[in-house]
Every structure is written in structure tokens, then in C-alpha cells.
Participant: 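Quick one: this structure, given as C-alpha cells, is what I'll be asking you about.
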Amino acid sequence: MRTVLLSFLIAMSMTASVPAQELHETPPPVFFREDWKEIPPVFPITQEHVITPGLILSIHGPGIDGLKKSHHDTPLDDPYYVWSGQCEGNWAVTLKKEGALIDLTDGSVRWRTKNFDRVTFVILGLADGSWLVSQRGSGETPDWHDFTIDFKGMRWRTLDIDSVIAGDVVEKPDLSKVVSVGFTDLETGGMSNACTRLDYIEVYGRSAK
């Protein structure tokens, strides 16, 4: 009995020393999701094509005129999606929830892509005005595929948002106050044979304190 009690007390002591955020905290909820309006295609994509109230679209880089909100009548299940195939320079798409900051310390994104010869990366705009681009992303698939990109253990690089060119690796950046979340493949378009296609994006995070 004394052995059992001693083991219990040791376990309780060890638990008490663990920070609260490490005690199997529930995963963060969906902070926002964007699916794009089911209206005719356009070059470039505009705020009119954002379906989620209070969500603000921005497009960046020298290739933005080629960013298309695309859709085809066939096949019948073809989604409404962002397409980069005609971008003549690097490009990026970002979304932000008006008046809100996101804590993405243990966050993630989920999206559906169909890429050829491209990798789609996550980009983050921080409250201090700096930008980051993820080292991991979603690559080529033969058809539409859902990916979850977890930020735990993610390595990040700086991003020049005007040129959409990645820079040096940033060691352990602070993701507790994020303004914008988006995506890019850091390359020009190559029509259907070299492009990013993105159907929807979900961002999982918490309201920043």
C-alpha cells in the first residue's frame, strides 16, 4: 500500500511540474475557412470571390495579374479554385480575419490542392510586419488531394512579400500573433503543366491574447 501511495505521489508531482499547455491540450479549432464563391472565373481573383464574411483577401507579387479564380463545367465535380498557371512572376494569396490576431503556436492549415511540378507553401504575416514561408508544403498529385500541414516542428524562412522570394531560415519564430495566412509556390506559372491549384483553405488556431 505504501508503495502504491508513493508511486501516486511521485506521478502527481511530475504532472504538477509540466506546463499547462503540454497537458494534452485540445487541438485548436477552425479559425476560418474559405471555399471561394461559385461565380464565373476572373483574372485576377478579387475580394468579390471571398465567401466568408469578414475575411479580407490580398494578393502579392509581380505575378498577381495571372492569378485566376478558376472553374470548369466539366467534370461536373470541378471545384471553384485559385490557379497560378498564367502568373508571369512570383505570387502569393493571403487572407485575414478583420480586426483579429491568431495564435498559431500549435496551429495548422488544411487545404485541398491539385499541383503539377509545384509545391504550395504556407505563408504567415506577423503582427510586427514581418512575413514567413514554411519549409514544408503540398506537392504534385494526380488529382485533388486534402493535406494537413502542422506547424509543430515546422521550419520557417523569411519572405519578402513584395517580390514573394524566400530568405534565410528563422529559428523558432513567435507565431502567437499572426495577422494573415496564405499560400504560394514561390514560382511563376507554367500553364497546366506547372501550377498550383487550391480549392479551399482551413486555418486552425486560437484568438491571440
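In what follows, every heavy atom counts, from backbone to side chain, and hydrogens, waters and symmetry copies are set aside.
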Participant: Answer yes if the ring centres of His72 and Trp83 are under 6.0 angstrom apart, and no otherwise.
Facilitator: no
Participant: What is the minimum heavy-atom distance between Tyr81 and Asp199, and which atoms define it?
Facilitator: CB-CA, 3.8 Å
Participant: Taking the side chain as every heavy atom from C-beta outward, state whether Gln135 and Val169 have any pair of such atoms under 4.5 Å apart.
Facilitator: yes
Participant: Yes or no on side chain to side chain contact (heavy atoms under 4.5 Å, CB included) for Val30 and Arg110, after CA distance, side-chain angles and deciding distance?
Facilitator: CA-CA 10 Å; Val30 176; Arg110 183 170 175 82; over 6 Å; no
Participant: Is a salt bridge present between Glu48 and Lys37, judged by a nitrogen-to-oxygen distance below 4.0 Å?
Facilitator: no
Participant: Without swapping roles, check the side chain of Lys97 against the backbone of Phe31 for a donor-acceptor pair under 3.5 Å.
Facilitator: yes
Participant: Could you give the distance from CE (Met154) to CG (Leu124), rounded to the nearest 0.5 Å?
Facilitator: 9.0 Å
Participant: So, taking the atom named OG in Ser192 and the one named CD in Gln86, what distance separates them when rounded to the nearest 0.5 Å?
Facilitator: 8.5 Å
Participant: Taking atom types as modelled, find out whether His60 and Thr94 have a side-chain donor-acceptor pair closer than 3.5 angstrom.
Facilitator: yes
Participant: Might you work through the side chain to side chain contact (heavy atoms under 4.5 Å, CB included) test for Asn193 and Asp117, ending with a clear yes or no?
Facilitator: CA-CA 7 Å; Asn193 291 326; Asp117 195 35; over 6 Å; no
Participant: Under 3.5 Å, is there a donor-acceptor pair linking the side chains of Trp91 and Asp185?
Facilitator: yes
Participant: Please check this pair: side chain of Ser84 against backbone of Thr196, looking for a donor-acceptor N/O pair closer than 3.5 Å.
Facilitator: yes
Participant: Given the rule in the side chain to side chain contact (heavy atoms under 4.5 Å, CB included) test, do Val164 and Ile123 qualify, once you have shown the distances and angles that lead to the verdict?
Facilitator: CA-CA 10 Å; Val164 193; Ile123 64 175; over 6 Å; no
Participant: Please round to the nearest 0.5 Å and tell me the distance separating atom NZ of Lys114 and atom SG of Cys195.
Facilitator: 9.0 Å
Participant: Work out which heavy atom in Ser176 is nearest to a heavy atom in Ala208; give both atom names and the distance.
Facilitator: O-CB, 3.4 Å
Participant: Counting only heavy atoms from other residues, nucleotides and ligands, does the tally under 6.0 Å from CG of Asp128 exceed 12?
Facilitator: yes
Participant: Just by distance, with hydrogens left out, do Glu202 and Tyr204 show a side-chain donor and acceptor under 3.5 Å apart?
Facilitator: yes
Participant: Mark yes or no for whether Glu34, through its side chain, and Thr52, through its backbone, hold a donor-acceptor pair below 3.5 Å.
Facilitator: yes
Participant: Take atom NZ of Lys96 as the centre, draw a 6.0 Å sphere, and report whether it contains more than 12 heavy atoms from other residues, nucleotides or ligands.
Facilitator: no
Participant: Are any of the side-chain nitrogens in Asp106 or Arg206 under 4.0 Å away from the carboxylate oxygens of its partner?
Facilitator: yes
Participant: Has Asp35 got a side-chain atom pairing as donor or acceptor with Ile51's backbone, closer than 3.5 angstrom?
Facilitator: no
Participant: Given Leu132, which partner from the list Val178, Leu175, Leu159 fulfils the side-chain contact (heavy atoms from CB on, under 4.5 Å) test?
Facilitator: Leu175
Participant: Would you say that Val93 contacts Ile201 through its side chain, given a criterion of any heavy-atom pair below 4.5 Å between the two side chains?
Facilitator: no
Participant: Do you know the tightest heavy-atom contact between Thr188 and Arg118?
Facilitator: O-NH2, 2.8 Å
Participant: Quick check: are there more than 12 heavy atoms from other residues, nucleotides or ligands sitting under 6.0 Å from CD of Gln47?
Facilitator: yes
Participant: Heavy atoms only: give me the nearest Pro62-Ser163 pair and the separation to one decimal.
Facilitator: CD-O, 3.9 Å
Participant: To the nearest 0.5 Å, how far apart are CD1 in Ile59 and OG1 in Thr184?
Facilitator: 12.0 Å
Participant: Just by modelled atom types, is the Ile39 backbone N or O under 3.5 Å from a matching donor or acceptor in the His71 side chain?
Facilitator: no
Participant: Could you tell me whether the side chains of Thr113 and Thr120 share a donor-acceptor contact shorter than 3.5 Å?
Facilitator: no
Participant: Look at the side chain of Ser180 and the backbone N and O of Gly125, then say whether any donor-acceptor pair between them is shorter than 3.5 Å.
Facilitator: no
Participant: Please report the closest heavy-atom contact between Pro41 and Ser70, naming both atoms and the distance.
Facilitator: CB-CA, 4.2 Å
Participant: Please check if the side chain of Arg197 supplies one atom and the backbone of Arg112 the other of a donor-acceptor pair under 3.5 Å.
Facilitator: no
Participant: In the single-linkage hydrophobic clustering (I, L, V, M, F, W, Y; side-chain heavy atoms under 4.5 Å), do Val50 and Trp111 co-cluster?
Facilitator: yes
Participant: Please tell me if the side chains of Asp146 and Tyr200 come closer than 4.5 Å, counting only heavy atoms from C-beta onward.
Facilitator: yes
Participant: Give, for atom CZ of Phe32 and atom CD of Glu98, the distance between the pair rounded to the nearest 0.5 Å.
Facilitator: 13.5 Å
Participant: Are Val109 and Leu198 linked, directly or through other ILVMFWY residues, by side chains that come within less than 4.5 angstrom of each other?
Facilitator: yes
Participant: Please name the pair of heavy atoms, one in Arg136 and one in Gly153, separated by the smallest distance, quoted to 0.1 Å.
Facilitator: NH1-O, 3.8 Å
Participant: Tell me whether Glu88 at atom CD has more than 12 heavy atoms from other residues, nucleotides or ligands lying less than 6.0 Å away.
Facilitator: no
Participant: Would Leu67 and Tyr80 show up in the same hydrophobic cluster when neighbours are defined by side-chain heavy atoms closer than 4.5 Å?
Facilitator: no
Participant: Following the transitive rule for hydrophobic clusters with a side-chain heavy-atom cut-off under 4.5 Å over Ile, Leu, Val, Met, Phe, Trp and Tyr, establish whether Trp156 and Leu126 coincide in one cluster.
Facilitator: yes
Participant: Just verifying a value: how many Å separate Glu187 CD and Ile165 CD1, rounded to the nearest 0.5 Å?
Facilitator: 11.5 Å
Participant: Report yes or no: do Val122 and Val133 belong to one cluster of Ile/Leu/Val/Met/Phe/Trp/Tyr joined by side chain heavy-atom distances under 4.5 Å?
Facilitator: no
